[in-house]
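Structure, as structure tokens:
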Amino acid sequence: MNRVKKGFIIFCMTLILLTGCWDRVEIEDRGFNIGVAIDLEEQRGEEVEQPQGDYVFKGTYQLVVPRGLQQGEGGAGGATKAYQNLVSRSDTMFGQVRNLAEETSRTPFMKHLQLIIISDEVAKKPKVFANILDFFLRDHEMRRGINVFISNGEAGPIFDVDPNPDNLPVMFINSIAENARKRPEMLPEQRIGDIYERLVDHHSYLVPQIKLGGDNNIEIEGAAIIHGHNNRFEEFITGEETEGVRFIKGEYDAGLLKTMIEDNLVVYEVKRADSKIEVNTEDKEQIEFTINISTEGNIGESFETLDYTKPEVMDKVRSALEKEIERIAQTTIKKLHQDLKVDALQLGSYVERKDYKTWKEIKDNWDHGENYFAKSNIKVNAKAMIRTSGSVIQIEK
Amino acid sequence: MKSFEYGDGEIGHTEIFYAVASMVIAIGILNLPRDLAQATNYVDGVFSLIIAGLFAILFTWMIASLAAKYPKQSFYSYTASLISRPIAFVITLGLTIHFLLFVAYETRMIGVIAAHYIFDRTPIEVASFSFLMLIVYAVSGSHVGILRLNLMFLPIIVLIAITICLMNLAYFDTENLSPFFTTDLKGYWKGVQESYFSFSGYEILLFYIVLMNRPKKAPKFAALGMIIPVLLYATFYVITIGVFSYDTTQTMVFPTIELAKEVEVPGGFFERLESVFFIIWIMAIFNTAAMAYDVSLLAARSIFKKVKKKTLIFIFSPIIFLAAMFPQNLNEIRTMATYISYSSLFVVVFIPIVLLVIAKLRGIKGSE
């Protein structure tokens, strides 16, 4: 066979490859889904033959409209929105995503999903919170960095919030959530990967709260407590209680503390905070936790005229601050330990590391059933260090 | 006189070093963390892993010294001189089949992973088939070519793998590691077994040392080559447990891929680090599968001397493909992997010991 013939045969065979790629989807045809909000639609009552879940959920899916993104810069305010919210109803998440395809000209593409908001009403049903997240953990398109929130009230309308100065409500919410570094009343972002760990190890945990404020604003403050053994949402805690959680868990990044010295306010700017938790497991009926919180910071504002060069003044301010930190931490402990009896601080994991044998015995009755957590004692000590008084010692003399 | 020259059909000790490391780094790394976390508590699995690694290094050294005893002699020829021709024939044939199954397993896994994570709608058969064609192309060339490719690929693979580990340090939580030493002995032993299986593949030495020009150094460099995967796997294990905690690792199908997906580098191409991970991982599998296929050809040609290499490739490839497509689901693939691991254990432990003992007893010395 000569070379021409050979070449011709090979050429013909390459034609087979031209039938194309199975997975090709043009980028223009993809509907980039960046956020999901889940609400409860109805509860199933009567029995029907086909298999179905107990609840029907209403999912609001936010899709990006790239055209709107480009126009937004031109300044034609509100001409084209950069996003499109689609509503889909089904008893499964997979079903919802598949239903979306009926409504939009673009194939829903979940790889860029960034936010899941689940309404408190949904999360109150036992196990449902975990069931909803199952799809988002199982599907290979999803990543583990998706932020999860629980909404106080309906979740869907949150996606209609005015995202000024951003273009997309989901991105807007995520940017606000990042500010948790500056605001101790906000819980740090919970990624779906973190929650997955909690679903597996059954420790109770917290999920940041999101709610719609008065003027179509969103508020991210406080947190939702989820009980580990059945993944059921228990109650919201306030911003101050969240601050206490962050002090106790050593997740406090930066913030300010106010204290009264002689009827006037002194503001302490916390630059750094840390916590060490010691546990004594000698008596499993009365496990003792000692939480040592230590902070470092400056005087940020002082209404009281004080000479901060004097050690006794510093001591006075410091002990007032330490009392304040202890008060905040105690408020949180009272709520979680005495009122709700849910170990959302994950103190149980300290027992697990300190005394594995005892933990194995009590872990199934840790914060429910016999509730060894409720029987434990928690002590808090705080230490506040004041590094400087700022640029001035005092502004009046 | 130069001891080594490119272009000839011989290899030096560097190639052996790289060949062992490249051969062993393969599928094992994907699900090893899960198997190990199921057997042991918290980070204890890493001790099992290191013990298994020490065993693997010992066996590597043993195999290499057996093969190095008979320089320039093929496995079949020195086995035949030790334990009669028919038995040597059966053993060599068995090894051929063992390595063919090895290729089949790698081919199937590449199809499974590709179909799951990369090509949603492409059939596994097509993904596996294209991969197999690539392997066939590789083995059609010279043995030395494949071995030298390792020199290029392995540094890239190790570098990217370490990058992925370092990137994950941001999510690393030391609290997930302790308490230490809570596993019972049975758990440790199971962990040793699970990890040992992921270190199989170095039995290729039985056939590759023939190509060496100075085989005396082979045992040392082969054992050194084995250290790379042991350390790499141990690092990956500790990072996986630190990032996910051991309970969660148990529940993931491929924890290592999830680890690559965990990382998010802001902005641009590297935001999705798992794409880079898939590249290096496919490179690693390619090396492993190509060497395994190449060795099975070497083995087959030592017993069927008259058959041409091309003919053997034409006979073997459909067999590999059919064997690869035989398991119906992930569980059956795992069963297949377990069988291959057992036969590998037989190859690396039983055969060398018997041969070494017989060589001692009958006083047959190689040309040392």
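Throughout, a chain's letter reflects where its sequence line sits, starting with A, and its residues are numbered from 1. Note that the structure is a prediction, hence the values are computed from the model and not measured.
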Checklist outcome for this item: Okay, A:Lys111 and chain B: the region with an atom under 4.5 Å from a heavy atom over there is both
Next on the checklist: For B:Asp173, which atoms come within 4.5 Å of any heavy atom of chain A: side chain, backbone, both, or neither?
Outcome noted: neither
Checklist entry - In Å and rounded to the nearest 0.5 Å, what is the OG1 to CZ distance from B:Thr248 to A:Arg198? => result 7.5 Å
Checklist entry - Which answer fits B:Gln250, side chain, backbone, both or neither, if we ask what part of it has an atom under 4.5 Å from a heavy atom of chain A? => result neither
Item to check | Closest-packed option against chain B by number of heavy-atom pairs under 4.5 Å, given A:Arg353, A:Lys357, A:Lys360 | outcome: A:Arg353
Checklist entry - Taking it one step at a time, do B:Phe244 and A:Val200 satisfy side-chain contact (heavy atoms from CB on, under 4.5 Å)? => result CA-CA 10 Å; B:Phe244 296 135; A:Val200 175; over 6 Å; no
Checklist entry - What do the steps show when you test B:Asp247 against A:His202 for side-chain contact (heavy atoms from CB on, under 4.5 Å), and what is the final call? => result CA-CA 10 Å; B:Asp247 318 86; A:His202 291 297; over 6 Å; no
Item to check | Toward chain A, the part of B:Val243 with a non-hydrogen atom under 4.5 Å | outcome: backbone
Checklist entry - Is the number of heavy atoms from other residues, nucleotides or ligands within 6.0 Å of CZ (B:Phe129) greater than 12? => result no
Item to check | Proximal component of B:Tyr246, with respect to chain A [non-hydrogen, under 4.5 Å] | outcome: side chain
Item to check | Within 6.0 angstrom of A:Lys363 NZ, more than 12 heavy atoms from elsewhere | outcome: no
Item to check | salt_bridge(A:Arg143, B:Glu274) N-O dist < 4.0 Å | outcome: yes
Item to check | Whether A:His140 and B:Tyr117 hold their rings parallel, tilted or perpendicular, with breakpoints at 30° and 60° | outcome: perpendicular
Checklist entry - Does atom CG of B:Leu322 have more than 12 heavy-atom neighbours from other groups under 6.0 Å away? => result yes
Item to check | Side-chain donor/acceptor of B:Lys261 to backbone N/O of A:Glu141, under 3.5 Å | outcome: no
Next on the checklist: Do B:Tyr171 and A:Arg144 make a side-chain contact, defined as non-hydrogen atoms from C-beta onward lying under 4.5 Å apart?
Outcome noted: no
Next on the checklist: Once rounded to the nearest 0.5 Å, what's the spacing between atom OH of A:Tyr196 and atom CD of B:Glu258?
Outcome noted: 7.5 Å
Item to check | Test log, rule side-chain contact (heavy atoms from CB on, under 4.5 Å), inputs B:Glu262 and A:Arg191 | outcome: CA-CA 10 Å; B:Glu262 181 91 9; A:Arg191 308 159 75 236; 2.8 Å; yes
